[in-house]
> 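Structure provided below as structure tokens; questions to follow.
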Amino acid sequence: MNRSILTEPLVTPRPLQQPRVSAVVPVYNEVESIPLLVETIAGVMQHHGLSYEIVCVDDGSTDGSAELLRELARSRSDLKAVLLRRNYGQTAAMSAGFNNAVGQVIVTLDGDLQNDPTDIPRLIDKLEEGYDLVSGWRKDRQDAMVTRLIPSRIANWLIRKVTEVRIHDYGCSLKAYRSELVRDMNLYGELHRFLPALAFIEGARIAEMPVTHHARRFGKSKYGLGRTFRVLMDLATIFFMKKFLTRPMHVFGLFGLISMLVGIGLGLYLTLLKFGFGEAIGDRPLLILAVVLFLTGVHLFSFGLLAELSMRTYHESQNRPIYRVREVIGSDR
Ligand code: UDP
Ligand code: MG
């Protein structure tokens with residue numbers, strides 16, 4: 001962790017014994033599922049002898065989920081309820097969960113019982129083989145075909161192409177992380193879907209593992225087709241972050257320069273026509289093109305400079321290094 005005190009989120013004090021696993025669950029109007037979910041997670045963990053805590057984040061539910069969580073958390077020592085003031089969306093809820101989780105391993109899963117908690121120990125075993133992130137793959141996904149499976153196939157294909165993280169299913173919430181990794185990542189928008197890609201940018205070793213997926217038993221899905229568009233926009237952000245986060249001038253500067261040079265070239269050519277050959281150039285589309293290219297070039301170039309500045313602010317204001325260390329060996333000697 002490398003953030004200054006000022007930007008450190010408020011976290012509950014660490015318990016004396018750090019649990020091995022924190023299960024982080026975003027919850028938005030899932031009141032019917034909560035009791036069974038908490039019971040199942042607790043059962044699985046106890047059965048496998050894993051020390052654990054469950055962090056349920058209520059994302060401004062209106063169906064009584066918050067009240068139920070509050071009550072449960074009072075009576076159970078293994079449950080922490082984080083109640084958000086309003087509905088912020090799944091990404092924010094997960095982020096709140098991460099900030100309040102203290103386990104060595106963080107496992108995320110949905111609050112609607114679509115993910116199966118019995119898969120958790122297998123994910124953790126895989127993590128122990130030396131990975132930083134193990135992502136679930138809903139090989140046999142139980143969701144509607146047209147609104148879910150098809151857009152998801154296309155999105156997964158596109159994300160795979162753009163991020164170069166070779167996994168099948170980015171949308172699966174069931175994932176296990178080493179906690180250091182999660183703390184290095186800042187989440188915005190709906191970027192929780194791109195956690196593997198963000199982790200990859202942070203240099204994580206990533207594995208994938210088929211997991212069970214159930215149809216929704218209670219309540220209804222919080223997303224519709226509109227999600228596809230947002231995924232595409234987030235993908236564009238990720239693409240930029242992956243390629244040029246620490247060197248925006250390399251992309252904006254390059255395109256800006258090319259555009260400016262072509263604009264100048266065309267301008268010179270038109271000048272030559274006018275003054276060398278006495279041709280009229282006032283009504284030529286080429287003139288407009290030259291002007292547009294030149295101005296665009298200037299814009300891109302100065303935009304690149306601004307991006308360089310804000311990139312520096314981004315890294316320096318949080319003491320955020322531009323690299324990630326996996327291990328330092330022999331540092332105490
Ligand atoms: N969720 C949330 N805030 C939201 C929307 C969803 O915390 O604004 C939670 C929701 O309660 C569930 C998870 O995110 O635990 C995934 O949502 P959902 O099951 O509706 O998505 P789907 O499985 O249909 O993709
Ligand atoms: Mg679901």
Side-chain angles (χ1 to χ4, degrees), residues 22-41 54-70 72 79-101 106-117 119-120 135-156 159 167-175 187-196 211-232 234:
S22 295
V24 170
V25 188
V27 169
Y28 181 48
N29 294 342
E30 313 279 5
V31 70
E32 298 108 315
S33 311
I34 294 170
L36 187 54
L37 179 82
V38 171
E39 275 308 324
T40 323
I41 298 177
I54 305 172
V55 183
C56 282
V57 184
D58 174 70
D59 188 17
S61 301
T62 50
D63 68 343
S65 298
E67 290 69 25
L68 178 62
L69 282 173
R70 179 182 285 131
L72 280 176
L79 176 68
K80 199 184 275 174
V82 180
L83 311 180
L84 300 185
R85 286 197 178 157
R86 64 167 173 87
N87 178 241
Y88 290 92
Q90 193 180 344
T91 301
M94 286 175 68
S95 186
F98 292 156
N99 289 337
N100 283 279
I106 294 185
V107 175
T108 53
L109 65 166
D110 279 351
D112 56 1
L113 291 166
Q114 286 198 272
N115 300 127
D116 198 326
D119 287 321
I120 295 176
S135 185
W137 170 17
R138 297 164 293 179
K139 221 171 170 173
D140 184 17
R141 190 172 163 188
Q142 304 295 324
D143 275 321
M145 191 53 141
V146 177
T147 53
R148 283 306 161 87
L149 300 191
I150 292 172
S152 153
R153 285 265 157 77
I154 299 171
N156 278 321
I159 298 173
I167 61 176
H168 294 85
D169 183 7
Y170 294 85
C172 181
S173 298
L174 183 56
K175 292 190 174 81
L187 296 179
Y188 300 97
E190 291 193 8
L191 289 186
H192 65 270
R193 253 172 243 113
F194 296 94
L195 274 166
V211 293
T212 323
H213 192 244
H214 303 289
R216 217 177 219 282
R217 278 166 66 184
F218 309 105
K220 49 181 188 298
S221 173
K222 311 298 179 291
Y223 300 104
L225 264 178
R227 151 158 84 182
T228 316
F229 172 75
R230 299 198 296 268
V231 168
L232 288 181
D234 284 343

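Start at 1 and go down the list; that is how both ligands and their atoms are numbered.
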> Which of the atoms in ligand 1, numbered in the order shown and given with their element, are less than 4.0 Å from a heavy-atom of K222?
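Matching atoms, with element in brackets: 5 (C), 6 (C), 20 (O).
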> Tell me, which N, O or S atom in D112 is closest to the Mg ion (ligand 2)?
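Restricting D112 to its N, O and S atoms, the minimum distance to the Mg ion (ligand 2) goes to OD2.
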> Would the distance check show the side chain of Q114 and the main-chain N or O of A215 forming a donor-acceptor pair, the cut-off being under 3.5 Å?
no
> Out of all atoms in ligand 1, which are within 4.0 Å of some heavy atom of D59? Include the element for each.
2 (C), 3 (N), 4 (C), 7 (O), 8 (O)
> Please confirm whether the backbone N or O of G89 pairs with a side-chain atom of K222, one donor and one acceptor, at under 3.5 Å?
no
> Mark up the atoms of ligand 1 that fall under 4.0 Å of a heavy atom belonging to V27, in ascending order.
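Matching atoms, with element in brackets: 7 (O), 11 (O).
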> Judging by distance only, is a nitrogen or oxygen of G111 under 3.5 angstrom from one on ligand 1?
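N/O-N/O distance under 3.5 Å: yes.
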> For N87, counting its heavy atoms only, list the atoms of ligand 1 lying under 4.0 Å from any of them.
3 (N), 4 (C), 8 (O)
> Between S33 and R216, is any pair of side-chain heavy atoms under 4.5 Å apart?
no
> Consider side chain to side chain donor-acceptor pair (under 3.5 Å). Of R227, R141, R138, which one does S152 pass it with?
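For S152, the side chain to side chain donor-acceptor pair (under 3.5 Å) check succeeds only for R141.
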> Would S221 count as a polar contact of ligand 1, with the cut-off being nitrogen or oxygen pairs under 3.5 Å?
yes
> Of all the non-hydrogen atoms in the protein, which one sits nearest to atom 23 (O) of ligand 1, and at what distance?
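Result for atom 23 (O) of ligand 1: Q114 OE1, 2.9 Å.
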> With nothing but distance in play, are any N or O atoms of Y28 less than 3.5 Å from an N or O of ligand 1?
yes
> So is D143 polar-close to ligand 1, meaning N/O to N/O under 3.5 Å?
no
> Ignoring hydrogens, what is the shortest heavy-atom contact between V82 and V55? Give both atom names and the distance.
CG2-CG1, 3.9 Å
> Is there a donor-acceptor pair under 3.5 Å between the side chain of S65 and the backbone N or O of E30?
yes
> About how many Å separate CG of L79 and CG of L72, when rounded to the nearest 0.5 Å?
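So the CG of L72 and the CG of L79 are separated by 6.0 Å.
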> Going by the order shown, which atoms of ligand 1 are within less than 4.0 Å of some heavy atom of E30?
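This gives 10 (C), 11 (O), 12 (C), 15 (O) as the contact atoms.
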> Heavy-atom contact under 4.0 Å between R227 and ligand 1?
yes
> Write down the atom of N115, the atom of S173, and the distance for their closest heavy-atom approach.
OD1-CB, 3.7 Å
> How close does the nearest protein non-hydrogen atom get to atom 17 (O) of ligand 1, and which residue and atom is it?
Y223 CE1, 3.7 Å
> Does any N or O in the side chain of S61 come within less than 3.5 Å of the main-chain N or O of N29, such that one atom is a donor and the other an acceptor?
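Yes; at least one donor-acceptor contact below 3.5 Å.
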> Just to confirm my output: which protein heavy-atom neighbour is closest to atom 9 (C) of ligand 1, and how far is it?
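Here the nearest protein heavy atom works out to P26 O, 3.9 Å.
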> Return the option from N115, D110, T108 holding the heavy atom at the smallest distance from atom 16 (C) of ligand 1.
D110
> May I ask you to check whether Q114 brings an N, O or S atom to under 2.8 Å from the Mg ion (ligand 2)?
yes
> Below 4.0 angstrom from a heavy atom of R216, which ligand 1 atoms are there? Numbered from 1 as shown, please.
18 (P), 19 (O), 20 (O)
> Hey, is ligand 1 close enough to R141 that some N/O pair sits below 3.5 Å?
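No, R141 has no N/O under 3.5 Å of an N/O on ligand 1.
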> Suppose we measure from atom 22 (P) of ligand 1 to each protein heavy atom; which comes out shortest, and what is that distance?
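Looking only at protein heavy atoms, the one closest to atom 22 (P) of ligand 1 is R148 NH1, 3.6 Å.
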> Please write down residue, atom name and distance for the protein heavy atom closest to atom 19 (O) of ligand 1.
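Closest protein heavy atom to atom 19 (O) of ligand 1: D112 OD2, 2.6 Å.
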> For a quick test of reading the model, state the closest non-hydrogen atom pair linking R86 to D59 and the distance between them.
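Nearest pair, atom of R86 first, then D59: O-OD1, 3.5 Å.
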> Let me see the working for H214 and D116 under side chain to side chain donor-acceptor pair (under 3.5 Å), right down to the final yes or no.
CA-CA 7 Å; H214 303 289; D116 198 326; 2.9 Å; yes
> Going by heavy atoms in the side chains, are F98 and L187 under 4.5 Å from each other?
yes
